[in-house]
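Encoded as structure tokens, the structure appears first; notes follow it.
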Amino acid sequence: MRVPLHIALIYGSARPGRLCDAVGAWTEAEIHRVGGFTTEIVDPRDALQDEGALRDALARADGFVVVTPEYNHSFAAPLKAVIDAADVEWGAKPVGFVSYGGLSGGLRAVEQLRLVFAELHVVGVSDSVALPDAWDRFDGAGRMTEPERPRRAMGRMLTRLRWWGEALKAARSAQVFTEAA
Ligand SMILES: Cc1cc2nc3c(=O)[nH]c(=O)nc-3n(C[C@H](O)[C@H](O)[C@H](O)COP(=O)(O)O)c2cc1C
């Protein structure tokens, strides 16, 4: 049997009343519905209080899923603080994105995140999940009302994430991912 890939599910908002809780919970449920992954939530609300624990959580992960809103055509500052708190823990692992917002579905935040993660040797999965007008997509209980299309996008993203996650896990165990000389 395949060893599950361990995913750090990183929340991109720390705002009181954030929609990130609904999008993050949906994302985690979808990851488990697809199967073959274990998950651990990294939430900037508490992760930034204990940098050592944050770095350990990222080091344990075989890959990352970032759930991000779009703030002023970019991602939110607490997510940047999480990213900047670690270094080698990120390297040679893949990241998939679940984004949300208005018209753009958070894609402008994702494009900027791809640049940031490239600096940390994180492979950005091209297929992503974008939720335009995200606030209309969840009912009062936080359930997604029309999940079919986002679910298909999630399936594509997770298929790629698994490929990269397994390939890079094998590569890291065959050869340490070192600093360039
Ligand atoms: C400071 C701020 C800036 C925002 N800028 C954008 C934006 O540029 N594009 C967009 O689609 N939505 C924008 N929004 C709307 C957010 O996508 C929406 O409020 C979303 O719920 C934020 O995620 P959160 O509730 O998890 O914090 C902005 C919201 C805030 C608070």
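We're numbering straight along the sequence, starting at 1. First listed ligand is number 1; within each ligand, the first listed atom is number 1.
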> Atom CD of Glu70 and atom OG1 of Thr68: how far apart are they, to the nearest 0.5 Å?
Replying inline: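 Atom-to-atom, Glu70:CD and Thr68:OG1 are 8.5 Å apart.
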>> As an exercise, state the distance from CG of Leu131 to CZ of Phe138, rounded to the nearest 0.5 Å.
In response: 6.0 Å
Show which atoms of ligand 1 fall inside a sub-4.0 Å distance from at least one heavy-atom site of [X].
| X | value |
| --- | --- |
| Gly102 | 10 (C), 11 (O), 12 (N) |
| Arg18 | 24 (P), 25 (O), 26 (O), 27 (O) |
| Pro69 | 22 (C), 23 (O) |
| Gly101 | 11 (O), 17 (O) |
| His73 | 7 (C), 8 (O) |
| Cys20 | 26 (O) |
| Tyr100 | 23 (O), 24 (P), 26 (O) |

> Hey, which of Trp90, Trp164, Tyr11, Phe117 is the one that makes ring pair (Phe, Tyr, Trp, His ring centres under 6.0 Å) with Phe64?
Replying inline: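 Answer to the ring pair (Phe, Tyr, Trp, His ring centres under 6.0 Å) test with Phe64 among Trp90, Trp164, Tyr11, Phe117: Trp90.
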> So, Arg160 side chain and Val125 main chain: donor-acceptor pair closer than 3.5 Å or not?
Replying inline: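 No, Arg160 side chain to Val125 backbone: no donor-acceptor pair under 3.5 Å.
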> Is any N or O atom of Trp135, backbone or side chain, closer than 3.5 Å to an N or O atom of ligand 1?
Replying inline: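 Checking ligand 1 against Trp135, no N or O pair falls under 3.5 Å apart.
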> Is it the side chain, the backbone, both or neither of Glu70 that has a heavy atom closer than 4.0 Å to ligand 1?
Replying inline: both
>> I'd like to know if atom 19 (O) of ligand 1 has any protein heavy atom within a distance of less than 4.0 Å.
In response: no
> Do Met144 and Arg151 come close enough that some side-chain heavy atom pair is under 4.5 Å?
Replying inline: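 Contact flag for Met144/Arg151 side chains = no.
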>> Any salt bridge linking Glu166 with Lys169? Criterion: basic side-chain nitrogen under 4.0 Å from a carboxylate oxygen.
In response: no
>> Using a strict threshold of under 4.0 Å (side-chain N to carboxylate O), is an ion pair present between Arg114 and Glu111?
In response: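 Salt bridge between Glu111 and Arg114, a charged N being under 4.0 Å from a carboxylate O: yes.
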> Are Tyr71 and Phe97 connected, step by step, through hydrophobic side chains (Ile, Leu, Val, Met, Phe, Trp, Tyr) whose heavy atoms are closer than 4.5 Å?
Replying inline: no
> Between Asp133, Leu107, Asn72, Leu103, which one has a non-hydrogen atom sitting closest to atom 1 (C) of ligand 1?
Replying inline: Asn72
